[in-house]
Amino acid sequence: MDDSCNKLVCARNKSLFELEDIITDILSRLPIKSLMLCMPVSKNWRRLISSPNFKRLQLLQSQENPSYVFYPYDCLCCSVLFLTKVHGETTEIIPGCSRHWCKHMICSFNGLICCISYKSFFEKKVHMGIVIFNPITQEVLLLPQSRLSAEAPKIGVAFGSRMNGYKVFRFFNPSGKSQDKHHECSVAYNPSSSNHICIDGTVYWFIQSVRNGLIIGSILAVDMEENFSVIGIPVEVTLYPFLVSIEGCLSLVAKNVCANRFDLWILQDSKEFTWVKKCTAYMHAFNIKEVNHVTALKNEILFASGRRYFFYNMCSKTWREFDWGRDFQKRVSSPLVYTESLLPCNGLIGS
């Protein structure tokens, strides 16, 4: 009798675990907004959705269906962000953290967005505020203030695929005494801007140096362990290439203004500075000189100007323009690749 009861209890427990796995898999495929509505349904669902394992699974599912996120500068009603799918079919509105911060979105990672704000003080000294926020959960984290800078600082965010936090690197010309809130060190290079990309925990910026009276372009890299290195770029590349990630590899999109075309280079060996030209395409529908931002997602490269987005498909070698529709003809920010997540702003799954 006891053996049969034990077997019955074990069978029931196994069925419960299997049912919970099925529910978890289904819930992880829902949009975050739907998950927020599901949490009050039952204590069990709230427990599932709030668990670290579920947050990890949900992010992995979300990364299979990424979007582009951007901010409309001309939107006067409130602070909002717009999401568009990879193929540009749909546009969804989500709330931003504040109108002041959303204007300067720098990067997006694991469902979080990093924004900066500059404030000028006396004697041309500059302070940079840095915010990390999750537009879906509406959590906002203002990072501690750092020292004033004699010029506009540049930043970059390093993050890995293991969802175990991130590091923010800030390059500045110190002005004033340190408040001992950050780890500081001297480096010989200064990025040209805060435009950067992160691949597998390593951040890359474009930098310039003068050699024999000539301006030489190269790439500054730093990993999560704060190891710095410099990567040379092909001599054919212009002085202002765009850094992108193609199939997980560091790549360059170089503008050729005279020919109105772009060249795509992929780094095959960072130690030997071996670059391979993957493709070249002419731009017949618009002037490449107007392009101020480039990003890549899957097999497409997105070229953005103030009001127009053009997609280039590397497989079909075709162009298409994103149709904003009659109700949306606005000046927008540079697009960022974005995936929804439940991650807290400190980037730690278990928090």
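This structure is a prediction, so every number in the text was calculated from the model and none was measured.
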Query raised in the report: Lys33: what forms a side-chain hydrogen bond (donor to acceptor under 3.5 Å, both in side chains) with it, not counting sequence neighbours?
Result: Glu92
Query raised in the report: With sequence neighbours left out, which residue pairs that include part of residues 258-267 fulfil the side-chain hydrogen bond (donor to acceptor under 3.5 Å, both in side chains) condition?
Result: Arg261-Asp263, Asp263-Thr280
Query - Under 3.5 Å donor-acceptor, Ser62 side chain and Glu340 backbone - result: yes
Report task. Compare all side-chain heavy atoms of Phe228 with those of Leu220 and state whether any distance is below 4.5 angstrom. Result -> yes
Query raised in the report: What residues, two or more places apart in sequence or in another chain, satisfy side-chain hydrogen bond (donor to acceptor under 3.5 Å, both in side chains) together with Asn292?
Result: none
Report task. For Asn227, check side-chain hydrogen bond (donor to acceptor under 3.5 Å, both in side chains) against everything at least two apart and list the hits. Result -> Asp223
Query raised in the report: Would you say Ser251's side chain and Cys249's backbone share a donor-acceptor pair under 3.5 angstrom?
Result: yes
Query raised in the report: So with a 6.0 Å cut-off around NZ of Lys277, is the heavy-atom count from everything else above 12?
Result: yes
Query - Check: Trp45 ring centroid to Phe54 ring centroid under 6.0 Å - result: no
Query - Criterion side chain to side chain contact (heavy atoms under 4.5 Å, CB included) against Leu342, the qualifying member of Met36, Arg56, Glu139 - result: Met36
**Report entry** Candidates Tyr68, Phe70, Phe286, Trp319 - the one meeting ring pair (Phe, Tyr, Trp, His ring centres under 6.0 Å) with Tyr309
**Finding:** Phe70
Query - Residues in salt bridge (charged side-chain N to carboxylate O under 4.0 Å, His left out) contact with Arg46, at least two apart in sequence or another chain - result: none
Query raised in the report: Quick one: side chain to side chain contact (heavy atoms under 4.5 Å, CB included) partners of Cys315, sequence neighbours excluded?
Result: Asn299, Asn313
Report task. Before accepting this row, confirm whether a basic side-chain N of the pair Lys255/Glu290 lies closer than 4.0 Å to the acidic partner's carboxylate O. Result -> no
Query raised in the report: Does any N or O in the side chain of Ser28 come within less than 3.5 Å of the main-chain N or O of Leu57, such that one atom is a donor and the other an acceptor?
Result: no
Query raised in the report: When the ring centroid of Phe311 is compared with that of Phe303, is the distance short of 6.0 Å?
Result: no
Query raised in the report: Is a side-chain donor or acceptor of Asn134 paired with a backbone partner of Val140 at a separation under 3.5 angstrom?
Result: no
